[in-house]
Each structure stands twice: as structure tokens, then as C-alpha cells.
Amino acid sequence: MKIVTTIAEFRQVRRGYGFESVGFVPTMGYLHEGHLELIRRARTENERVVASIFVNPKQFSPTEDLSRYPRDLDRDFHMLAGENVDLVFVPSNEVMYPPDYQTTVSVSRVTQALEGLRRPTHFDGVTTVVAKLFNIVQPSRAYFGQKDAQQSVVIRQMVRDLNFDLEIVVCPTVRESDGLAMSSRNKYLTEDERKGATVLYKALQSAKSIWDGGTRNSGILRAAMMETLSEELLARVDYISAADPVTLEEWHGEIPRDSGLLLSMAVFFGQTRLIDNLLLE
Ligand code: PAF
């Protein structure tokens with residue numbers, strides 16, 4: 001496994017891959033099983049696998065957890081080598097955003113709801129860094145987790161709008177045995193918060209069982225999630241949503257029979273903000 005830190009070095013190695021297919025997994029490091037599943041999927045579908053590790057400052061607001069975002073590069077390299085990754089790109093802030101850096105990539109509509117509403121500058125940061133990484137890596141396919149449902153929708157939109165010549169592959173959320181979605185931020189949870197955090201998945205499941213029973217009323221589905229969440233005293237709900245999975249617009253009243261549903265939520269445990277979602281067809 002080769003590890004490179006500059007764009008020039010990266011391009012030199014990348015050129016050696018010629019016309020081989022390249023699967024790309026962008027990450028912010030502190031890897032977990034969810035990332036490894038993306039890598040494994042990329043491994044089965046491509047001749048080469050490239051990962052990046054970059055904690056992107058542009059997607060954190062000044063009040064968010066950039067400085068305390070967990071980092072452990074040695075552990076990450078060990079895990080990536082174990083998955084037979086060919087090349088890892090680990091740029092510094094100066095490599096990605098030199099002092100005269102001036103460009104932002106911004107997707108307008110699907111960034112407005114859900115996470116975008118609560119974190120207004122977040123998706124500009126994500127699309128800017130992902131566009132830069134796509135231009136550097138030149139992948140055939142790029143892999144993202146369903147856990148960040150809106151991020152996948154936003155990136156797909158950017159790829160369509162800017163004619164990036166690659167396929168976006170969205171892989172299922174990987175969960176702990178008690179249902180908690182894997183996330184680097186789970187590390188911040190105290191023992192009690194960690195126990196309580198299973199309530200996100202329980203809330204999604206409570207709405208799903210109502211949906212499976214034939215109920216299409218979005219208000220009832222949201223109420224079911226809220227009721228389950230309110231049973232956990234440590235949970236502070238930021239939002240719950242029952243939205244169209246394509247436009248991300250909130251459903252009101254009855255959901256049309258031929259439409260899908262994205263159930264999603266953000267919930268605070270102390271200072272830690274967890275998100276989760278379930279896509280129902
Ligand atoms: O999902 C993430 O870890 C990040 O948002 C990404 C896609 C690596 C961009 O920084």
C-alpha cells in the first residue's frame with residue numbers, strides 16, 4: 001500500500017494505473033467497520049482501490065467539533081493495508097486549501113432541508129472537497145454510506161450537474177449489534193449515552209413497522225419516532241423527518257402510494273450529535 005501526501009505524488013502513482021478501474025473511498029479517518037465495508041465493496045468492483053483521509057475544515061462550522069474530531073492515522077493505515085488498498089491520499093490543509101484558495105462548489109436545492117437547514121455551510125464544504133478529490137483521484141466509482149443519506153443525494157446531484165465521469169455507489173449503513181449506526185463520533189459518547197443511543201434505531205424501526213402495516217400518513221410516522229425518542233431521557237431531538245428520498249422535501253399528510261420515504265433524524269447526547277436514517281421504498 002502506497003501512502004502519498006501531495007497531489008503531484010498522487011498523480012504520478014495514479015498515472016501508473018493507466019486504464020484500470022479505480023474505486024475511491026473518501027474518508028475523514030478514524031476508520032470503522034462502515035468504512036471497511038465501502039473499501040471491500042470497492043475492492044470487488046474495481047482493479048485498484050484508493051482511499052483518502054482528510055479532516056476537511058470547510059465542512060465544520062466554527063461551533064462544531066473540528067479540533068476534537070478523532071484522529072489516529074497509524075491505526076487507519078493498518079486497517080486500510082488489511083483490506084488490500086492500493087493507494088492512500090493524506091493531504092494537509094495547505095495541500096487542499098493553499099493560502100490563495102478561492103473556489104466553493106455549491107449545490108442549491110437538495111442542500112436546503114434536513115442537515116443543510118441545521119448546518120448551513122456544511123454541504124458547501126463537502127461538495128467543494130469531494131469535487132477536488134474527484135479531480136485529483138479521477139475514480140471510476142466512488143463509495144459513500146447510506147448513513148449520510150443527504151450527503152449521497154447532494155453528491156449525486158453535483159456529479160450530474162458538473163458531468164463528473166464516474167459512478168456513485170451508496171452502500172448500506174453498517175450497525176453495531178444493538179442497531180446503533182457506526183460513526184467516528186460514537187467515540188464521544190459516555191457509557192450511559194452509548195446505551196441510550198440505540199433509541200435512534202428503535203425510533204426508525206417503530207415508524208417502519210407502522211409503514212409496513214400500510215400507514216402512509218407522514219404525521220403518524222413522525223409521531224411514532226418522536227414517541228420512541230422521548231422515552232430516552234438523555235436524548236435531545238434536533239429534528240425528525242419523513243421526506244421524499246429524491247427531493248428531500250418533507251412529506252405532509254398522506255404519502256403518495258408510488259413514492260418512497262426517507263425517515264431521518266439528528267439527536268444530541270450531551271454535546272454529541274448523532275444522525276441516522278432508514279430508506280423505505
Ligand atoms: O463522509 C465523510 O466522511 C466526509 O463528508 C467526506 C465525504 C469524506 C468529505 O469530507
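Note that ligands are numbered from 1 as they come in the structure, with each ligand's atoms numbered from 1 the same way.
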Apart from M28 itself, residues in the same hydrophobic cluster as defined by side-chain heavy atoms under 4.5 Å: V55, F60, L66, Y69, Y188
Need the list: ligand 1 N/O atoms against protein N/O atoms, distance under 3.5 Å, rounded to one decimal.
{"from": "ligand 1", "atom 1": "1 (O)", "to": "Q151", "atom 2": "NE2", "distance (Å)": "2.9"}
{"from": "ligand 1", "atom 1": "5 (O)", "to": "Q59", "atom 2": "NE2", "distance (Å)": "2.9"}
{"from": "ligand 1", "atom 1": "5 (O)", "to": "Q151", "atom 2": "OE1", "distance (Å)": "2.7"}
{"from": "ligand 1", "atom 1": "10 (O)", "to": "Q59", "atom 2": "OE1", "distance (Å)": "2.6"}

Chi angles and distances behind the side chain to side chain donor-acceptor pair (under 3.5 Å) call for S206, T228: CA-CA 7 Å; S206 65; T228 306; 3.1 Å; yes
Min side-chain heavy-atom separation N84-R43 under 4.5 Å: yes
Cation-pi check, R41 onto Y143 ring (under 6.0 Å, within 45° of axis): no
E33: side chain to side chain contact (heavy atoms under 4.5 Å, CB included) partners, not counting sequence neighbours: L36, E37, R40, V174, M182
With sequence neighbours excluded, residues passing side-chain hydrogen bond (donor to acceptor under 3.5 Å, both in side chains) with Y201: Q205
